[in-house]
> 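Okay, here's the structure, questions in a sec.
Protein chains get the first letters and strands the later ones, always in sequence-line order, with residue 1 at the start of each.
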Amino acid sequence: MTPLEEIRHSAAHVMATAVLRLFPETKLDIGPPTDQGFYYDFDLDHKFTAEDLEKIEAEMKKVIKENQKFERSEVTREEAAKFFTERNQPFKLERLKDIPEGEPISLYQNGEFTDLCAGTHVRYTSQIKAFKLLSIAGAYHKGDEKNKQLQRIYGTAFPSKEELADYLMRLEEAQKRDHRKLGKQLSLFAIDDAVGQGLILWLPKGAIIRQELQNFISQELTRQGYFQVFTPHIGKLGLYRTSGHFPYYRESQFTPIIEAEALTKLADEKCSCADLMNRLADGDVDGYLLKPMNCPMHIKIFDSEPRSYRDLPVRLAEFGTVYRWEQSGELNGMTRVRGFTQDDAHLFCTPEQVQTEILGCLNLVKKVFSTLGMTEYRVRIGLRDPNSEKYTGNPANWEKAENALREAAKTLGVPYTEEQGEAAFYGPKIDFVVKDVIGREWQLGTVQVDYNLPERFNLSYAGQDNRPHRPVMIHRAPFGSMERFCGVLIEHFAGNFPTWLSPEQVRILTLNDDLIPHAQQLEAQLKASGIRTSVDGHSEKLNAKIRRAELDKVPYMLVVGTKEKEAGQVSVRSRVNKTAEGTVAFDDFVKSILDEINNRRLPVT
RNA sequence: GCCGGCUUAGCUCAGUUGGUAGAGCAGUUGAUUUGUAAUCAUCAGGUCGUCGGUUCAAGUCCGACAGCCGGCUCCA
C-alpha cells in the first residue's frame, strides 16, 4: 500500500475501534481504503444517524490521541477462527474462509481492537493527522444483492489538516459544476414527474448544444463514408427474439406493447401476468417493443438488398433513441436515464476489413474528445467473463473479436486496461470512460465488435468467389448517448461552453435605452451570419447587464454607447477575460467570432 | 429494486415547544438613462410533494405512497 492508503486503511481500523466502543454489539465486515478515502461496513440493529457520526469522530480522535501501535501477527486458520468465533464476528469468519489455502493469515491489532487484515498500516494511530467521516450508506455484504445489507460509513483521511481542508474545498467546488445544478441554472434540460422518471426534456438552450454536437458528428460521418438512416422507435418482438434482447433482458426493458384485440382475447382467457410474459417470450402472443437498441433495425436495412464484397464496408448511422427500464435507484440526472439517443452506427464489413474499421471508429472517438478538450479519460477493453453465461456466440469468434480490439487499441497509442465481465452480451468492446464531478465513472464513447448478430440474423454478402460470406459487425457511438455526453460536457466546461456550443454566443448591452434600436440592428446582422445573439433591453446600469450575462455564461458581450455607435464599433468583453478587451470595428468582431465558431475553437484559459 | 436522508413561491432558502406562511433573486408595473459583476419603488406569486391519521388546531406529530439526493446492486 502507498503511504496515503496506509493512513486511510488505518483510519478505517480506528473507526471500527471507535464504533465498537460506542456500539459493542456491532458485527464488522471489511474496511478498505479507496481512491477518495476509506469506508467500513458494519452490521447492527441501531441505524446510524448524522449525530452518531459526530460521536464516532470524537471517539476516533481519542483513539488517535491514545497513540495506539499497529501490530501485525500471523496466526493459523484455526487460531483465527477461534478468535473471531469468541468475539462473535460472523462476517470475519466468512472472510477468513475466503482466504485461499496456503496464504498467510494475519491479524492487525491497535489498542483493544484486532482485525483480520492483510495490511499494511501506519505504525501509530497518531500518524492519522486529519480525517473526516462523510456519509452513511447501505451496502450488500460481498456486493451481492442476495446477501444482508450492511451500514457503510464513508470517510476520508490525509497526512495533514491542510490537505483535508483542500480536499473538502475541491469537493465543494466540484459540486458547483454538477450538471443537474447547472442544467437548472442555465435552463438546459428538465425532468418532470408528469412525463416520467429518467426522461429528459431538452429545453431550447440545451437543444442547441445537442444540435451542434449532432451537426459536428454528422459532418464527420459524411467525411468518413457513412450513410445516415432513420428507424422507428418500436419494433415487433420477433425482431428482438432473433437478436437475443427479448426475453433475456426483459427486466431492463419497458413492458411490450400489445394490440387491443390481442389484449381483449387474453383478458377473456383470464391470462395471468406471469403466463402472459411466458407467452410473449415464446412468441405465442406477439407485440411491439420500445427499442432498447438500434442494431436490429440497422441489420434489417443492411439485409434489405443483396450485398457484394464490393459494397463493403456498409456504414449505417443514426441518432437513434432507445428506451431501457433502469432501476429507479439508478437514475441520475442526464447521465443515467430511461430514454436516450445514441449517436449510433453499425458497420458491416469483411473479416479483413475489421481491423481498419475499428481503428477508424476509435480515431473518430479520439477526435470528438480532443475537439472538446476532454483529456481526462481512460480507455477500457471490456472482455467477457469466462464464468458467466450471459454471452452468446462461440468462443472462437469471441477470441477473434477480442484480439481485433486489442490490436486496434495498441495502434491507437493511448494507454488502456482490460477488464473481464465488461463486454456486451454479443461481443467485446472498447469504452472511453470519464469521471463526473464527484468521481463516478461514466462510459461515453464505445466501439464493439460483433460476430454474433450477423449469424443470428443470417446476414451474408457475395464474396469474390461468388459464394455467400458472413459479414462482421461493428457497433460504435463516439458520444455514447447525447444525454450522458451532454451531462458530462456541462460538468467538463462548468457551463462555460466553447462559443460554437454556447446557446447564446453574443449579448449586446446598451449604455442607455436610446441605443436599443442600434443594438437591434447589430443583432439582426449577427443573426444573419448565423450567430446566436440577443439584446439586453433592461433599463438598468451596465454593471447589472454584465452581471446577468456573466451568470448566463455568454461568451461575448458587446457594449455599445454613443461613441461606439458613431464609429461603427463595439466594446468587447469576453467571458474568459472578464474585462473590457478594447473597442473594435463591428465587422472585425463578426469575422473573428465566425472564425472561432467555424473552427470549433476551445476557450483559451 | 435495497439502505439512509431530504421535499415550503419559478430559483435559493427562513419558519421557535403544534396556533393557520416569510425573505432574497427572478417576474409585473412605474421611476431612473446609467461605461465593464446587482438603481429604487410597486404589485403579483404558495392545497407547505400526495393521500390518510392524531388534535379544538398540523408546514410542524404519526403512517402510507411518490419524487429527489448519497451509496449498494444493476447498466445488453
Side-chain angles (χ1 to χ4, degrees), chain A residues 39 41 47-50 52 134-154 175 178 180-181 184-185 187 190-194 196-198 240 243-246 248-253 292-293 295 322 324-333 335-338 382 390-392 421-427 429 431 438 440 442-443 446 448 450 452-453 475 480 484 509-516 538-552 557-564 571-575 577-583:
Chain A
Y39 66 81
D41 287 346
K47 303 277 183 212
F48 286 131
T49 61
D52 290 333
L134 298 170
S135 61
I136 309 156
Y140 297 107
H141 173 54
K142 288 187 183 172
D144 190 333
E145 200 169 12
K146 291 182 207 76
N147 289 342
K148 181 155 194 193
Q149 193 159 37
L150 312 173
Q151 298 187 67
R152 173 173 297 179
I153 299 181
Y154 281 95
Q175 279 162 9
D178 189 312
R180 291 164 300 192
K181 201 173 258 186
K184 198 178 268 183
Q185 268 169 32
S187 301
I191 299 168
D192 191 314
D193 278 358
Q197 282 183 284
Y240 298 99
S243 71
H245 293 104
F246 191 87
Y248 301 106
Y249 289 92
R250 206 178 64 200
E251 69 288 351
S252 49
Q253 293 160 354
M293 302 206 94
C295 1
V322 298
R324 299 179 188 178
W325 186 260
E326 305 291 357
Q327 297 189 93
S328 61
E330 266 313 315
L331 299 171
N332 184 73
T335 48
R336 188 79 183 269
V337 291
R338 285 187 175 158
K390 75 171 186 176
Y391 305 100
T392 60
E422 290 291 332
F425 79 90
Y426 48 73
K429 55 182 187 168
D431 294 324
I438 48 179
R440 291 181 292 211
W442 299 101
Q443 175 206 310
T446 179
Q448 312 175 355
D450 181 3
N452 290 313
L453 289 181
H475 311 238
R484 180 176 289 178
L509 315 180
T510 56
L511 221 48
N512 61 55
D513 291 356
D514 297 338
L515 290 158
I516 289 180
H538 288 82
S539 301
E540 277 173 317
K541 285 187 181 170
L542 180 61
N543 275 356
K545 299 185 192 186
I546 288 172
R547 180 182 147 79
R548 203 181 351 256
E550 287 285 353
L551 291 176
D552 288 345
M557 287 169 233
L558 300 184
V559 177
V560 288
T562 318
K563 272 186 294 180
E564 286 83 1
S571 168
V572 180
R573 178 186 165 116
S574 79
R575 186 183 57 199
N577 292 330
K578 301 205 177 301
T579 175
E581 291 178 345
T583 310

> If only side-chain N and O atoms of A:R250 are considered, is one of them under 4.0 Å from the OP1 or OP2 phosphate oxygen of B:A76?
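False: A:R250 side-chain N/O out of range (4.0 Å or more) of B:A76 OP1/OP2.
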
> If the condition is side chain to side chain contact (heavy atoms under 4.5 Å, CB included), which residues does A:K181 pass it with, not counting sequence neighbours?
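By the side chain to side chain contact (heavy atoms under 4.5 Å, CB included) rule, A:K181 matches A:D178, A:Q185.
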
> If you take atom types as modelled and just measure distance, does the side chain of A:E564 reach the base of B:G35 with a donor-acceptor pair under 3.5 Å?
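When only heavy-atom distances are counted, A:E564 does reach the base of B:G35 through a donor-acceptor pair under 3.5 Å.
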
> Does A:Y140 make a side-chain donor-acceptor contact with the base of B:G71, cut-off 3.5 Å?
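It does not, because no donor-acceptor pair links the side chain of A:Y140 to the base of B:G71 below 3.5 Å.
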
> Rounded off to whole Å, could you give me the NZ-to-P distance for the A:K47 and B:C6 pair?
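To the nearest whole Å, that distance equals 15 Å.
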
> Would you tell me if any nitrogen or oxygen in the side chain of A:K390 comes within less than 4.0 Å of OP1 or OP2 on B:C74?
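So the side-chain polar atoms of A:K390 never come under 4.0 Å of the phosphate oxygens OP1 or OP2 of B:C74.
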
> Is there a side-chain polar atom (N or O) of A:S539 under 4.0 Å from OP1 or OP2 of B:U33?
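Negative; the distance criterion is not met.
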
> Verify the contact: side-chain N or O of A:N543 to OP1 or OP2 of B:A38, cut-off strictly under 4.0 Å; return yes or no.
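So the side-chain polar atoms of A:N543 do come within 4.0 Å of the phosphate oxygens OP1 or OP2 of B:A38, strictly under.
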
> Would you mind telling me which of A:R484, A:E422, A:K429 makes a side-chain hydrogen bond (donor to acceptor under 3.5 Å, both in side chains) with A:Q443?
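Result for side-chain hydrogen bond (donor to acceptor under 3.5 Å, both in side chains) with A:Q443: A:K429.
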
> Looking at B:U36, I'd like to know if its phosphate oxygens (OP1 or OP2) sit under 4.0 Å from a side-chain N or O belonging to A:N577.
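For B:U36, neither OP1 nor OP2 has a side-chain N or O of A:N577 closer than 4.0 Å.
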
> Quick one: does A:R324 reach the base of B:C75 with a side-chain donor-acceptor pair under 3.5 Å?
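By the distance-only test, no, there is no pair.
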
> Hunt down the Watson-Crick or G-U wobble partner of B:A31, both distances under 3.5 Å, from any strand shown, or write none.
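Its partner is B:U39 (Watson-Crick or G-U wobble, both distances under 3.5 Å).
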
> For the residue pair A:H475 and A:Y426, does the interplanar ring angle fall in the parallel (under 30°), tilted (30 to 60°) or perpendicular (over 60°) class?
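Rings of A:H475 and A:Y426: parallel, as their planes differ by under 30°.
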
> Taking the C1' atom in each of B:A66 and B:U34, what is the distance between them to the nearest angstrom?
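Pairwise C1' distance, B:A66 against B:U34, rounds to 50 Å.
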
> So, under a plain 3.5 Å distance rule, would you say the side chain of A:E145 forms a donor-acceptor pair with the base of B:C2?
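No, the side chain and the base share no sub-3.5 Å donor-acceptor pair.
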
> Is A:R548 close enough to B:A38 that one of its side-chain N or O atoms is under 4.0 Å from OP1 or OP2 there?
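For B:A38, OP1/OP2 do not have a side-chain N/O of A:R548 under 4.0 Å.
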
> Between protein and nucleotides 40-48 of chain B, map the contacts as a letter string: B base, S sugar-phosphate only, - none, heavy atoms under 4.0 Å, written 5' to 3'.
---------

> Expressed in angstrom and rounded to an integer, what is the separation of A:H141 atom NE2 from B:G71 atom C1'?
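Atom-to-atom, A:H141 to B:G71, this comes out as 18 Å.
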
> Can you list the residues that meet the side-chain hydrogen bond (donor to acceptor under 3.5 Å, both in side chains) rule with A:S187, with sequence neighbours excluded?
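Counting only residues at least two positions away or on another chain, A:S187 forms no side-chain hydrogen bond (donor to acceptor under 3.5 Å, both in side chains).
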
> Reckon A:Q197 has a side-chain N or O less than 4.0 Å from the OP1 or OP2 of B:G67?
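Result: yes.
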
> Taking only side-chain N and O atoms of A:R152, does any of them lie within less than 4.0 angstrom of OP1 or OP2 on B:G70?
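For A:R152, the contact criterion (side-chain N or O under 4.0 Å from OP1 or OP2 of B:G70) is not met.
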
> Looking only at heavy atoms, which two atoms of A:Q151 and A:F48 are closest? And how far apart?
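Distance-wise, the nearest heavy atoms are OE1-N, 2.9 Å.
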
> If the cut-off is 4.0 Å, is A:Y154 near the phosphate of B:C3, judged by side-chain N/O to OP1 or OP2?
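Indeed not, no polar side-chain atom of A:Y154 lies that close.
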
> Is A:R338 close enough to B:C74 that one of its side-chain N or O atoms is under 4.0 Å from OP1 or OP2 there?
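So the side-chain polar atoms of A:R338 never come under 4.0 Å of the phosphate oxygens OP1 or OP2 of B:C74.
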
